[in-house]
2 protein chains.
Amino acid sequence: MTELLLARLESHMPLEPADRAGLLALPAQSRQFSARSSTLTGKLIDNHVHVIDEGFACRYRDLPDGRRQILSILVPGDIIDLRQFVLGGTQPLLAALSPLSMSAIPNEKLLKLLETSPRATRALWSTTLVEESISREWLVSIGKRSALERVAHLLCEVYLRLAAVARTTGPRFPLPLTQSELADVLGLSTVHVNRTLQELRKSGLITFQSGMVELFDFDALATLGLFSPGYLHLRDPGKIKPVPA
Amino acid sequence: MTELLLARLESHMPLEPADRAGLLALPAQSRQFSARSSTLTGKLIDNHVHVIDEGFACRYRDLPDGRRQILSILVPGDIIDLRQFVLGGTQPLLAALSPLSMSAIPNEKLLKLLETSPRATRALWSTTLVEESISREWLVSIGKRSALERVAHLLCEVYLRLAAVARTTGPRFPLPLTQSELADVLGLSTVHVNRTLQELRKSGLITFQSGMVELFDFDALATLGLFSPGYLHLRDPGKIKPVPA
DNA sequence: CGCCAGGTTGAGGGACGTCAACCGCGGTGG
DNA sequence: CCACCGCGGTTGACGTCCCTCAACCTGGCG
């Protein structure tokens, strides 16, 4: 099993050596997905739980008339189909936002681990609770934050989430979303996202070109977006400090 | 432990007799809260998980400048502080929307059960996943649905959730929210909620007075709100026909 | 009887959406 | 090697859904 998932689990709650060993003993089959923005549904291995090793994906829901809402952005270390595994039923659609590399763990192996390790179970449970916490913060964004605040908030969030899995280089990080996809994340129109990004650029707070973001002043952006990192449940949120302009 | 919680757990996934016995053996202390719209934070019993037996509550988040977003509506059978129990950290604020009756289960008893019953663990895990699923559907509402659609959708959701715990009487059910609170649920202003409710009343679809709702045509409301009940993960969604796609 | 929270109504405004171009660029094929 | 194509980004004009502000109304309650 991937080290990355282990780091993710431990970033939310501590584990004992025995749990760690059990998790590391899980067999993982590596799998690549190249197509961008294509649906992943049906391409994942049945009866396996997938962990993103590299790349970005998203969950989304379509309304009958073509409206689309992106429900979550998935980054390295995120677990794709835990909720399907636990809850069953139908889940939101999945799409790749970039080339993806994933590890697939057979459900029955995972099930066996969960039956013997309550702490590992709680660690996995925790990851789904953190995701829920993020969903809720997005509710606050879409419900109450202005367009400018929403964009600022999202950039802060993604920055910290990527920093936690060492996918940032200083103040820069990849965010392979088109402005239209960003609009579907934020509950805005493409045009308005465009104008909002321009405003942030003109303020000298960010750059955003070809899927790469640079944050020139994280603190200012956090203030602007009414961002406070508690909801991400990172154990060391203060460790990451931005590079000033 | 309350029968209600057991019914809730089994409404999402089947349990074995042993699990059921373990859950029923949990000691529960009953607790009443009378004040309406007051914060519950600090009034719950520490190191206990609470289950709502009767009444309504909500989770909410305040922004520094006074904006408020209600993140979830909690109805009988919902578990209040499972995520605190599993994940720790800070959680959204809680408020009572009506007089509340709750059962409190000591954390350590629950912990002991979870260590011996993986299936009960998954059942409880499932309840948090269903809540997440609801949060996500709210994201779709606030992000993409019009005001009229949002109100219609919410009423359909609450109706089915209450029906699942036998808190509806025919087409009528309690919804003890002011229009201003409804606005904070739906990401709208109070005034616009008022006008939207009037429109639904004039269409003959609903009545909504002093915290009681009556749905005259659930199917029409579901169609209007682009409502499809899958996300609630009820095992018996009734004879409600879903909206396609 | 008066207060007050909640509900209702109207006028006016603003943030964001829609529509429709146009641009720049990488990919592709002739 | 260049013409073409199409997607993503940008811009302007205009429209609208929803917000804000500010009354006023209503009913329950002390």
Side-chain angles (χ1 to χ4, degrees), chain A residues 34-38 56 63 65-70 95-98 141-154 174-202 206-213 224-225, chain B residues 34-38 56 63 65-70 95-99 141-152 154 174-202 206-213 224-225:
Chain A
S34 53
R36 206 194 156 281
S37 274
S38 64
F56 289 74
L63 293 180
D65 58 4
R67 282 175 278 181
R68 164 170 305 185
Q69 177 68 40
I70 292 179
L97 294 170
S98 74
S141 275
I142 299 186
K144 294 292 155 169
R145 280 186 253 255
S146 72
L148 198 61
E149 291 166 344
R150 279 180 229 185
V151 174
H153 186 95
L154 181 72
L175 186 62
L177 292 177
T178 66
Q179 293 185 356
S180 154
E181 287 159 344
L182 218 37
D184 287 338
V185 168
L186 299 168
L188 296 169
S189 70
T190 309
V191 171
H192 205 67
V193 166
N194 181 289
R195 291 183 170 131
T196 306
L197 286 174
Q198 287 180 52
E199 199 173 336
L200 287 174
R201 279 193 280 252
K202 263 179 264 180
I206 67 161
T207 61
F208 184 12
Q209 300 167 40
S210 35
M212 283 295 297
V213 180
L224 176 59
Chain B
S34 53
R36 206 194 156 280
S37 274
S38 65
F56 290 73
L63 293 180
D65 59 3
R67 282 174 277 181
R68 165 169 305 185
Q69 177 67 41
I70 292 180
L97 294 169
S98 75
S141 274
I142 298 186
K144 295 290 156 173
R145 281 188 253 255
S146 72
L148 198 62
E149 291 165 345
R150 279 180 228 185
V151 174
L154 181 72
L175 186 62
L177 293 177
T178 66
Q179 293 185 356
S180 153
E181 287 159 344
L182 218 38
D184 287 338
V185 168
L186 299 168
L188 296 169
S189 70
T190 309
V191 171
H192 205 67
V193 166
N194 181 290
R195 291 182 171 130
T196 306
L197 286 174
Q198 288 181 51
E199 198 173 336
L200 286 173
R201 281 193 279 251
K202 262 179 265 178
I206 67 162
T207 61
F208 183 14
Q209 299 167 41
S210 32
M212 283 295 297
V213 181
L224 176 60

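Chain letters run A, B, ... following the sequence lines, proteins first, then strands; residues in each count from 1.
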Which nucleotide wins on minimum distance to the side chain of [X], given the candidates [options]?
| X | options | value |
| --- | --- | --- |
| B:H192 | D:dT20, D:dC19, C:dG17 | D:dC19 |
| A:S146 | D:dG9, C:dC16, D:dC19 | C:dC16 |
| A:Q179 | C:dT8, D:dG9, C:dG17 | D:dG9 |
| A:Q198 | D:dG8, C:dG17, D:dT10 | D:dT10 |
| A:V191 | C:dT9, C:dC16, C:dC19 | C:dC19 |
| A:N194 | D:dT11, C:dC16, C:dG7 | D:dT11 |

*Hey, could you give me the CG/CD1 distance between A:L186 and A:I142, rounded to the nearest 0.5 Å?*
7.0 Å

*CE-OG1 distance between A:M212 and A:T207, expressed to the nearest 0.5 angstrom*: 8.5 Å

For [X] and [N], give me the distance from atom [atom1] to atom [atom2], rounded to whole Å.
| X | N | atom1 | atom2 | answer |
| --- | --- | --- | --- | --- |
| A:K144 | D:dT20 | NZ | C1' | 13 Å |
| A:F208 | D:dG8 | CZ | P | 12 Å |
| A:E199 | C:dA15 | CD | P | 10 Å |
| B:D65 | D:dC19 | CG | P | 16 Å |
| A:L148 | C:dA15 | CG | C1' | 12 Å |
| B:L197 | C:dT9 | CG | C1' | 15 Å |
| A:L188 | D:dT10 | CG | C1' | 17 Å |
| B:Q209 | C:dG7 | CD | C1' | 12 Å |

Categorize [X] for me: base, sugar-phosphate, or nothing, with a 4.0 angstrom heavy-atom threshold over every strand shown.
| X | answer |
| --- | --- |
| B:R67 | nothing |
| A:R145 | nothing |
| B:G211 | nothing |

_Taking only side-chain N and O atoms of B:R201, does any of them lie within less than 4.0 angstrom of OP1 or OP2 on C:dT8?_
yes

*Should A:R195 and A:V191 count as side-chain neighbours, where that means a heavy-atom distance under 4.5 Å?*
yes

*Is it true that A:K144 and B:D184 make a salt bridge, defined as a side-chain N closer than 4.0 Å to a carboxylate O?*
yes

*Salt bridge between B:R68 and B:E181, side-chain N to carboxylate O under 4.0 Å?*
no

*What about B:R195, does its side chain sit under 3.5 Å from the base of C:dG7 through a donor-acceptor pair?*
no

